[in-house]
Engineer: 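Can you keep this structure in mind? I'll have questions shortly.
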Amino acid sequence: MAFAEYPVQSLMYITNRPELVFTEGKGSWLTDHNGKRYLDFVQGWAVNSLGHSNQGMIDALTAQSHKLINPSPAFYNEPMLKLAGQLTDNSCFDKVFFANSGAEANEGAIKLARKWGRKHKNGAYEIITMDHSFHGRTLATMSASGKAGWDTIFAPQVPGFPKAELNDLASVEKLITDKTVGIMLEPVQGEGGVIPATREFMQGLRALADKHKLLFIVDEVQSGCGRCGTLFAYELSGVEPDIMTLGKGIGGGVPLSALLCKAEVASFEAGDQGGTYNGNPLMTAVGSSVIEQLTAPGFLDDVKAKGAYLREQLLALSSEFGLGGERGEGLLRALLLDKDIGPQLVEEARDMGPHGLLLNAPRPNLLRFMPALNVTREEIDQMTGMLRTLLKKLA
Ligand SMILES: *Cc1c(COP(=O)(O)O)cnc(C)c1O
């Protein structure tokens, strides 16, 4: 079908989209309405942890859709219980609440912290968050985010989110008052430009939280579920947070997210938290398949090895073209361009032939790479080959 024949005008405008309609995907490759293929190093913004149309996910969806789609969140169902058990078995957390998006999981974390503050800390409600952080697009999660301009576009904000600087412990400590109930951050800032929190900072936050009786909350919507080479990114710094949120990769592409906490933090009472689709069997069955595949023997070691390989390739490009190096963890990495050519590279990579390449530039001076966790070394080589061609052209 020609692009002009699609009823594009019927969709509400929210962002500029290229004139492409994606029709199929398999592994690291997408196909558009013209049959052109694209090597996908965006994967729905680090969402498709196992690539497009993963067989295990298809089998889980198909089998579950024949069995039971939604009995109501007011009843237990088997996939919901199985996935909750998988998550508590493989993390430092004891309790899980399922939701549908990262923002919704973070809203849950904020509510949980405020509830805990009401019960155990004289009504303390403020959560210290980081400048340049991203926690979602609901009113509270936009207020928690440290994105430039977000404090005013839908003013008034939800109050109670003072901002500190990532990797600057003193900036956090300075904000602590008797109203503070928690500290929330991404272990690796994703939208902010792939900026890892240092091990010292994470350990310092844990110590501050212990000293002042605060909840240490990690937003692992992007960094979690194998993305950083460990099942959860908090493991990299040897700390145990009190609350964690998951989204994106946990569903491998379907809408699923989770709010996890330690037993002593779980303070919701009947009616405090819920949602029509929470823990629905169709999505949790898929999540269960994803976690099973991520925790299969050798899988995460392979993610680490491929992360190191991608790092080497990016460093080679950086020295070849005099760029600013690279950073990241596992298969969440950025190439620092040191020039504002990110958006141009993204466009030219997409439009090149015979195959296109999908990349992302969360800031104009860097490119972000978030391939499927089962990407192959050959695909990494193909990507760097295509990027080299483009960088030569621009040089
Ligand atoms: C994407 C993202 C979110 C929001 O998730 P949605 O599913 O889009 O609501 C929240 N936090 C982080 C760190 C993210 O990367």
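For ligands, and for the atoms within them, numbers begin at 1 and follow the listed sequence.
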Engineer: For H212, give me all partners under ring-ring contact (aromatic ring centres under 6.0 Å, His included), at least two apart in sequence or on another chain.
Structural biologist: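 If we apply the ring-ring contact (aromatic ring centres under 6.0 Å, His included) test to H212, skipping adjacent residues, there are no hits.
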Engineer: Centre of W29's six-membered ring, under 6.0 Å away, within 45 degrees of the axis: is that where NZ or CZ of K26 sits?
Structural biologist: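 Ring-cation test returns no.
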Engineer: Holding to ring-ring contact (aromatic ring centres under 6.0 Å, His included), I want the full list of residues that pass it with Y38, two or more places apart in sequence or in another chain.
Structural biologist: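 So Y38 forms a ring-ring contact (aromatic ring centres under 6.0 Å, His included) with F22.
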Engineer: Using a strict cut-off of less than 4.0 Å between a Lys/Arg side-chain nitrogen and an Asp/Glu carboxylate oxygen, indicate whether R206 and D242 qualify as a salt bridge.
Structural biologist: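 Yes.
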Engineer: Got the residues with a heavy atom under 4.0 Å of ligand 1, by chain and number?
Structural biologist: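 Only S101, G102, A103, N106, F134, H135, G136, E186, D219, V221, Q222, K248 have heavy atoms that fall under 4.0 Å of ligand 1, ordered by chain and number.
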Engineer: Only one of D219, T245, T141 passes side chain to side chain donor-acceptor pair (under 3.5 Å) with H135; say which it is.
Structural biologist: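 When side chain to side chain donor-acceptor pair (under 3.5 Å) is applied between H135 and each of D219, T245, T141, only D219 qualifies.
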Engineer: Could you tell me which residues satisfy ring-ring contact (aromatic ring centres under 6.0 Å, His included) with F201, sequence neighbours excluded, listed by chain and number?
Structural biologist: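 Scan of F201 (ring-ring contact (aromatic ring centres under 6.0 Å, His included), adjacent residues dropped) gives none.
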